[in-house]
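The figures here come from the full heavy-atom set of this structure, side chains too, leaving out hydrogens, waters and symmetry mates. Throughout, residue positions are numbered sequentially from 1 according to the sequence presented. Predicted model only: the values in this text are computed from it and were never measured.
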Amino acid sequence: QVQLVESGGRLVQAGGSLRLSCAASALRFSYYALAWFRQAPGKEREFVAAISYSGGTTSYADSVKGRFTISRDNAKNTVYLQMNSLQPEDTAVYYCAAEWSLRPAGAVDNYDYWGQGTQVTVSS
């Protein structure tokens, strides 16, 4: 059974940094595209960042470009989201997602596997 487990979320002050991790099990990790999404209270889930199976391509939402970096370590079956210059509007539950795909990061538009999420709260 495929499992994605996020960690690293916590309360942080505006301007601070966090690194989220998502550990995957029971899937051929290196064949999967991975992504981070987030959902703030009362809002729909939104795309944050994605990375291709090899790590060769990445894609970001405009709202996080230049502040967030997605990366992966296929040897550790883990995907990361480095978040810098955090702002209160970044407050949300962050989810990682996986999809079997050998396409570039920006070309994947459907994800079958999801984690349970980790809460990120940015105080002003």
Side-chain angles (χ1 to χ4, degrees):
Q1 182 177 354
V2 174
Q3 279 194 315
L4 302 174
V5 180
E6 303 95 336
S7 61
R10 62 176 176 87
L11 174 65
V12 63
Q13 287 190 331
S17 298
L18 280 178
R19 188 177 81 155
L20 305 183
S21 300
C22 174
S25 60
L27 79 172
R28 297 191 70 177
F29 190 78
S30 61
Y31 287 83
Y32 279 75
L34 301 162
W36 288 94
F37 289 76
R38 66 186 182 187
Q39 187 166 20
K43 295 188 176 181
E44 294 189 352
R45 186 175 61 196
E46 65 174 355
F47 168 79
V48 175
I51 190 166
S52 63
Y53 70 103
S54 66
T57 62
T58 56
S59 178
Y60 295 93
D62 288 343
S63 59
V64 306
K65 277 181 183 176
R67 300 189 298 126
F68 290 11
T69 302
I70 188 171
S71 62
R72 65 188 293 161
D73 185 338
N74 284 352
K76 295 182 178 180
N77 283 12
T78 301
V79 60
Y80 304 98
L81 185 67
Q82 177 66 44
M83 305 187 293
N84 299 329
S85 302
L86 284 162
Q87 299 301 316
E89 52 266 35
D90 294 317
T91 295
V93 178
Y94 284 71
Y95 300 90
C96 69
E99 175 69 11
W100 190 96
S101 176
L102 303 183
R103 303 172 73 188
V108 181
D109 57 7
N110 181 59
Y111 290 85
D112 286 336
Y113 300 108
W114 294 82
Q116 293 299 305
T118 186
Q119 176 70 49
V120 172
T121 303
V122 184
S123 63
S124 57

Single-linkage hydrophobic cluster [X]~[Y], side-chain heavy atoms < 4.5 angstrom:
{"X": "Y113", "Y": "V79", "answer": "yes"}
{"X": "V93", "Y": "W114", "answer": "yes"}
{"X": "V5", "Y": "Y111", "answer": "no"}
{"X": "W36", "Y": "V2", "answer": "yes"}
{"X": "Y95", "Y": "L4", "answer": "no"}

Measure across [X] and [Y] and return the closest heavy-atom pair with its distance rounded to 0.1 Å.
{"X": "T118", "Y": "G9", "result": "OG1-N, 3.1 Å"}
{"X": "T78", "Y": "S21", "result": "CG2-CB, 4.2 Å"}
{"X": "T58", "Y": "I51", "result": "CG2-CG1, 3.8 Å"}
{"X": "A33", "Y": "V108", "result": "CB-CG2, 3.9 Å"}
{"X": "A50", "Y": "A105", "result": "O-CB, 3.7 Å"}
{"X": "N84", "Y": "S17", "result": "OD1-OG, 3.0 Å"}

N/O donor to acceptor pairs below 3.5 angstrom from side-chain atoms of residues 22-32, sequence neighbours left out:
none

Rounded to the nearest 0.5 Å, what separation is found between the [atom1] atom of [X] and the [atom2] atom of [Y]?
{"X": "I70", "Y": "Q82", "atom1": "CD1", "atom2": "CD", "result": "12.0 Å"}
{"X": "Q119", "Y": "T91", "atom1": "CD", "atom2": "OG1", "result": "7.5 Å"}
{"X": "T69", "Y": "M83", "atom1": "OG1", "atom2": "CE", "result": "11.0 Å"}

Among pairs that include at least one residue of residues 41-94, which meet ring pair (Phe, Tyr, Trp, His ring centres under 6.0 Å), considering only residues two or more places apart or in two chains?
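Ring pair (Phe, Tyr, Trp, His ring centres under 6.0 Å) check on residues 41-94 returns F37-F47.
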Tell me, yes or no, whether the heavy-atom count around E46 atom CD, taken from other residues, nucleotides or ligands under 6.0 Å, exceeds 12.
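Enclosed: over 12 neighbouring heavy atoms sit under 6.0 Å from CD of E46.
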With sequence neighbours excluded, what pairs up with D62 under the salt bridge (charged side-chain N to carboxylate O under 4.0 Å, His left out) test?
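For D62 the salt bridge (charged side-chain N to carboxylate O under 4.0 Å, His left out) partners, ignoring immediate neighbours, are K65.
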Considering residues at least two apart in sequence or located in another chain, which fulfil the salt bridge (charged side-chain N to carboxylate O under 4.0 Å, His left out) criterion with R67?
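So R67 forms a salt bridge (charged side-chain N to carboxylate O under 4.0 Å, His left out) with D90.
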Results of side chain to side chain donor-acceptor pair (under 3.5 Å) for S123 - residues two or more places apart only:
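Once residues adjacent in sequence are excluded, S123 has no partner under the side chain to side chain donor-acceptor pair (under 3.5 Å) criterion.
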Under a 4.5 Å cut-off applied to non-hydrogen side-chain atoms, are [X] and [Y] in contact?
{"X": "L20", "Y": "E6", "answer": "no"}
{"X": "R38", "Y": "V64", "answer": "yes"}
{"X": "R72", "Y": "N74", "answer": "yes"}

Any pair counted as disulfide (SG to SG under 2.5 Å), so long as it reaches residues 28-66, sequence neighbours left out
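Counting only pairs at least two positions apart or across chains, no disulfide (SG to SG under 2.5 Å) contact touches residues 28-66.
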